Amino acid sequence: MTGPGPQLKRQIFQARGDAVQTAILLSSPARLRHNRLHRRGRMTIDWSNFTPWASLAGGALIGLSASLFIVANGRIAGISGLLGSVLQRGSEGWSEKALFLLGLLLAPLLWGLFTVLPEIDIHANWPILAIAGLLVGIGTRYGAGCTSGHGVCGISRLSPRSLLATLCFMAAGFATVYLMRHALGV
């Protein structure tokens, strides 16, 4: 005796509906590999702390402060360059640069007088953070600037060098996160 005819097979498949199609899709080797990768490094958004308006206001304040700094001093507000010249005593415009950097440090403390600051929760050990900071410092010297100098000020001035530098360190950041989180599982 032979099995059910094509008409009956079609009816069984239609009766099972999407459940059969889902089972077939989920059981394929590529799909299993896809599920395993996404289960391990699943990204979630903390919607309770998602603050687009505060982020927009912060970005506008960063742009305003960089604009005021260049208008008032004729210099780019690149933080690594400012810090480098402040560490060289007697450099031109030392007091303005030092006050700008001091404002960056004091602003969160002043903001804390008006609201509760978020808790700082770092999931890395201090030696790794120190090495990362050192590598960022070396990179800003080789790249002749940092994210604030190239990314904020340089791109706003339509500087091709700053656009290329920003694309390079963003690509390096994306690659580092992918390697650390997904390839190495750190």
Side-chain angles (χ1 to χ4, degrees), residues 41 43-47 49-124 126 128-183 186:
M43 185 179 86
T44 59
I45 296 175
D46 184 6
W47 290 105
N49 291 316
F50 179 63
T51 56
W53 297 114
S55 302
L56 182 64
L61 286 174
I62 289 171
L64 179 65
S65 66
S67 299
L68 289 175
F69 193 81
I70 198 168
V71 167
N73 297 313
R75 294 183 179 90
I76 298 296
I79 305 306
S80 63
L82 291 174
L83 182 61
S85 63
V86 164
L87 294 177
Q88 298 173 355
R89 285 295 250 184
S91 64
E92 182 184 344
W94 187 89
S95 59
E96 293 93 5
K97 295 172 185 175
L99 287 172
F100 188 85
L101 293 172
L102 185 65
L104 289 176
L105 296 174
L106 292 178
L109 300 175
L110 292 173
W111 185 254
L113 296 174
F114 301 103
T115 187
V116 177
L117 294 176
E119 180 181 331
I120 298 174
D121 188 22
I122 299 173
H123 297 284
W126 290 105
I128 295 292
L129 289 176
I131 291 169
L134 183 65
L135 289 174
V136 167
I138 292 169
T140 59
R141 280 300 182 192
Y142 278 121
C146 60
T147 54
S148 56
H150 284 301
V152 176
C153 299
I155 289 178
S156 66
R157 293 182 308 116
L158 302 176
S159 167
R161 184 180 87 156
S162 292
L163 178 62
L164 181 63
T166 303
L167 288 173
C168 287
F169 53 70
M170 292 301 288
F174 295 151
T176 301
V177 168
Y178 179 79
L179 288 174
M180 296 297 286
R181 295 227 175 139
H182 301 288
V186 178

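What you see is a predicted model, and the numbers here were worked out from it, not measured in a lab.
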Give me the atom names and distance for the closest heavy-atom approach of [X] to [Y].
X      : Y      : answer
Thr115 : Trp111 : CG2-NE1, 3.0 Å
Gly154 : Ser162 : CA-OG, 3.3 Å
Ser91  : Ser85  : OG-O, 2.8 Å
Ser148 : Cys146 : OG-SG, 3.0 Å
Ala98  : Val86  : N-CG2, 3.7 Å
Ala77  : Cys153 : N-SG, 3.8 Å

Backbone N/O of Ile155 and side chain of Ser159: donor-acceptor pair under 3.5 Å: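 No: the side chain of Ser159 does not pair with the backbone of Ile155.
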Assess the residue pair Leu105 and Leu101 against the criterion (side chain to side chain contact (heavy atoms under 4.5 Å, CB included)); give the C-alpha distance rounded to whole Å, side-chain angles, the decisive distance to 0.1 Å, and a yes or no. CA-CA 7 Å; Leu105 296 174; Leu101 293 172; 5.8 Å; no
Apply ring-ring contact (aromatic ring centres under 6.0 Å, His included) to Trp53 and list each qualifying residue two or more places apart in sequence or on a separate chain.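 Here no residue qualifies.
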For Phe69, ring-ring contact (aromatic ring centres under 6.0 Å, His included) partners two or more places apart: Phe100
Rounded to the nearest 0.5 Å, what's the gap from [atom1] on [X] to [atom2] on [Y]? Could you check?
X      : Y      : atom1 : atom2 : answer
Phe169 : Thr140 : CZ    : OG1   : 10.0 Å
Arg161 : Thr166 : CZ    : OG1   : 10.5 Å
Ser65  : Leu61  : OG    : CG    : 7.5 Å
Leu163 : His150 : CG    : NE2   : 11.0 Å
Leu99  : Leu104 : CG    : CG    : 11.5 Å

For the pair Arg157 and Ile76, evaluate side chain to side chain contact (heavy atoms under 4.5 Å, CB included) and give the outcome as yes or no after the intermediate values. CA-CA 10 Å; Arg157 293 182 308 116; Ile76 298 296; 3.4 Å; yes
Are Glu92 and Lys97 close enough for a salt bridge, meaning some N to O gap below 4.0 Å? no
Worked check of side chain to side chain contact (heavy atoms under 4.5 Å, CB included) between Trp94 and Gln88: CA-CA 9 Å; Trp94 187 89; Gln88 298 173 355; over 6 Å; no
